[in-house]
Amino acid sequence: MSSLLGITREGDEHYILNLTENFKARMVNWFGGLEERIVSMIKTGTSVALIGPHGSGKSVVARYIAARLVGEYYAVIDLGVDVATFDSMLEILHEVSNALGFYDPLGITFYDSPLLPRSEPAMQWMTKCRYVIDRAMYLATRDIPTLLVLPYDLLRYSRCREAVERSMRIVDISEYLRYVDLRRVLEEVFLSHSAALGCRKTLGQFVEYVMEKHSDLSGVVALAAYGGRHYARRGCAQSKPEDLYEEALRSLAKLYYDLYSEVFFPTCQAARALATPLWLSLEGQQLPTDLAYPLANVDSIARRIALLSKLGPQDAGVKEEVLEELKELYTPREELAPAVKWAVAPKESIIKESLRLTARENPCLLSPDNPARLIRTVYKGLLVIDSQTIFEFAKVIASLSLGRSEFCTNKIGKYVCKDGQVPPVVVDALGMAQGKRITQEVSIPSITRCDEEGVELLAGLALLDARRAPAKCVEKFVQLFYSASRSDIELFYKFYQDYLEIAAERGTLPVLRKLAVAHLSRTPPREAVTVLEKVFHAALGAEDYKTAEIASVALAAADLTSAKRILPNCDCPILKVSVAYHIARSAYESGDYQEAIRYLELALAELKAQDPRYEYTPQFVKQIEELYRDLALLTVL
């Protein structure tokens, strides 16, 4: 018996090992179009790279194609074997009419279990991929095409990506998966693996569960295979899909963790360098690559910032030396480049779940308690290195508040933006941490003029503590806040909460009215409670009941408990009715029907008193009565 790459020959017969009976025959029906396309390319001498998500069936398809070509008297040459074996294969090429180069660093082989990733060959690909490509190019000179199988990440972060794309036709399996009966494919994979262990039943709910969890098609074939095995080991008993899924995922997660740790963070030092950007990426937040590099040195950056703050004018020489060390900490390390780019990139759903499940076991890969604080330290270091950066950060804060992102193309953008977007954790790092914006972390001359408009105005205010801002500046800020109706109000609170609070404390009645209306026209965040309470009480004290009413409506939308607390105890029936009604509506929308009825009864009692000073519109009375009727019906039902 002789063997070639997962294909064994006994006499004149060729077999694929580790696949159950009839499994490969069904593959023709599953991926017929994909198989025929690859085979036709290979027969015309074209080398093919089959790529796709992890665990999506690439290796199974490729092995079937290799077996089919062996059946047509092709020889299959493993491009990943040692030199001696490779050379001996080349020596016998003249004995076969045609041949095929083959390389699959993660797929099943003769020697491995089905779907078992092989971290060593994967590591070999990442570090020595040039050898594989050189061998493929050598075979091409002898009219021998190559079939290369790679998951997305092993191609994207490989040193040989350009060579692969230049010398091979790229075929993505996911383009075909979307047009096959994927449910049937996964059910048959599940049944094939459960039947191999003596189970003749299937579990359709499991396949549906897998497809819902992994709409990006990553891991679906591998999970179906492992699910079938675990189902059989449970004695083919009825199981909850989520329980069976957890078992299958745990089996697969360990394999993927071993693979990625070997490829991207094989040492404790590398794991620590990637920890923050990697965990954020697993939560769906991708950091800019240039920000991820200095994050690996955040402790050293913090120590040098602290040391510089203690040095005086007489320590000029030491200060210059420390500054040079600080600058070095922002220089990208070439040896970490592929790993950092992988860490900040979006992850396939199967990799997200796998690493969330397993990465916490690595003591060097601890999830940071406060990543925004670490990022802020990196930004403080930038401010220390170049004080002019403060004006760039001020522009970023102003632009973000107004829903603009043109700064992403500027010099500062490489530390703030990822693919034209600013991650939420970066927003938190820039914002009001411990009462300060990042632009207040260093001292600059006070700015007391507010002659600018729009972004320029907000950029100037970002440099100044609101308590030292002239009244004119505060009024212009409120006007801008009022007119910027399309902007995210939460961003104003993250960046300019001090100005909003000062406006509520010191604002004139027109300023308070604009402040209240601006909150009413958008959904106010929880941080708005203090500001709206101040506006309400200031307006109530000035007997500006309309402004107080607007503030109370906005407050009910922000926090129902706070709105209940401000229900006025004054000779102002129309305000009491309005506040009680809006509290009731908010309670109704949150599902607290009993509380809503209680406050509606307060409103109706005021209406029945018929105070001669006020005349309620029929529409408003009708709204209250209809809401009360709906609530009464709901509580009865």
Side-chain angles (χ1 to χ4, degrees), residues 4-7 14-43 46-72 74 76 78-80 100-110 112-118 121-122 145-155 164 168-193 210 214 216-226 228 348 350:
L4 290 172
L5 284 183
I7 301 156
H14 297 82
Y15 303 96
I16 298 180
L17 296 190
N18 297 324
L19 292 177
T20 57
E21 191 64 29
N22 295 324
F23 188 63
K24 68 175 184 178
R26 287 195 294 270
M27 289 293 301
V28 180
N29 297 324
W30 295 349
F31 300 104
L34 173 61
E35 178 207 354
E36 291 303 326
R37 181 182 177 192
I38 293 176
V39 169
S40 64
M41 288 179 182
I42 287 171
K43 286 187 174 183
T46 302
S47 292
V48 177
L50 178 60
I51 66 170
H54 282 286
S56 59
K58 302 182 302 299
S59 295
V60 182
V61 174
R63 302 284 164 179
Y64 176 75
I65 292 172
R68 170 176 165 177
L69 295 179
V70 167
E72 297 180 13
Y74 281 61
V76 181
D78 188 348
L79 303 187
L100 171 68
F102 195 95
Y103 187 70
D104 183 1
L106 297 182
I108 53 177
T109 72
F110 289 112
D112 301 327
S113 301
L115 300 167
L116 177 63
R118 300 184 296 161
T146 291
L147 178 56
L148 178 67
V149 184
L150 289 172
Y152 290 138
D153 284 354
L154 289 194
L155 176 62
V164 171
M168 295 182 171
R169 290 286 297 275
I170 306 294
V171 178
D172 191 340
I173 196 173
S174 62
E175 295 176 6
Y176 288 82
L177 282 171
R178 299 184 187 281
Y179 296 103
V180 301
D181 187 350
L182 187 58
R183 185 184 306 279
R184 179 167 165 261
V185 169
L186 299 184
E187 285 175 351
E188 292 193 13
V189 171
F190 182 94
L191 185 57
S192 295
H193 285 266
V210 168
H214 299 280
D216 63 352
L217 307 179
S218 68
V220 288
V221 175
L223 285 166
Y226 276 105
E348 297 171 16
I350 189 66

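This one's a predicted model, so the numbers in the text were calculated from it and none came from an experiment.
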Practice prompt. Check step by step if side-chain contact (heavy atoms from CB on, under 4.5 Å) holds for Asp181 and Arg183.
Written response: CA-CA 6 Å; Asp181 187 350; Arg183 185 184 306 279; 3.9 Å; yes

Worksheet entry | Any residue meeting side-chain hydrogen bond (donor to acceptor under 3.5 Å, both in side chains) with Thr146, in chain and number order, not counting sequence neighbours | none

To the closest 0.5 Å, what do you measure between [atom1] ([X]) and [atom2] ([Y])?
{"X": "Leu79", "Y": "Phe102", "atom1": "CG", "atom2": "CZ", "value": "9.5 Å"}
{"X": "Ile51", "Y": "Leu148", "atom1": "CD1", "atom2": "CG", "value": "10.0 Å"}
{"X": "Leu150", "Y": "Leu155", "atom1": "CG", "atom2": "CG", "value": "6.0 Å"}

Side-chain contact test, heavy atoms from C-beta onward, threshold under 4.5 Å: evaluate it for [X] versus [Y] and give yes or no.
{"X": "Val61", "Y": "Ile173", "value": "yes"}
{"X": "Val185", "Y": "Val220", "value": "no"}
{"X": "Val171", "Y": "Tyr176", "value": "yes"}

Contacts of type side chain to side chain contact (heavy atoms under 4.5 Å, CB included), residue [X], not counting sequence neighbours:
{"X": "Pro145", "value": "Ile42, Ser47, Leu100"}
{"X": "Arg169", "value": "Arg37, Met41, Thr46"}
{"X": "Glu348", "value": "Pro53, His54, Tyr152, Asp216, Ser218, Ile350, Ile351"}

Item to complete: Determine, step by step, whether Leu34 and Leu50 satisfy the side-chain contact (heavy atoms from CB on, under 4.5 Å) criterion, reporting the C-alpha distance in whole Å, the side-chain angles of both residues, the deciding distance to 0.1 Å, and the verdict.
Response: CA-CA 10 Å; Leu34 173 61; Leu50 178 60; 4.3 Å; yes

Practice prompt. Decide side-chain contact (heavy atoms from CB on, under 4.5 Å) for Arg178 and Leu217; before the verdict, give the C-alpha distance in whole Å, the side-chain angles of both, and the deciding distance to 0.1 Å.
Written response: CA-CA 9 Å; Arg178 299 184 187 281; Leu217 307 179; 4.0 Å; yes

Worksheet item: Salt-bridged, Glu188 to Arg184, with N to O below 4.0 Å?
Response: yes

Item to complete: May I have the step-by-step check of side-chain contact (heavy atoms from CB on, under 4.5 Å) for Val48 and Met168, ending in yes or no?
Response: CA-CA 5 Å; Val48 177; Met168 295 182 171; over 6 Å; no

Discussion item. Check whether Ser40 reaches the backbone of Glu36 with its side chain - one donor and one acceptor, N or O, closer than 3.5 Å.
Written reply: yes

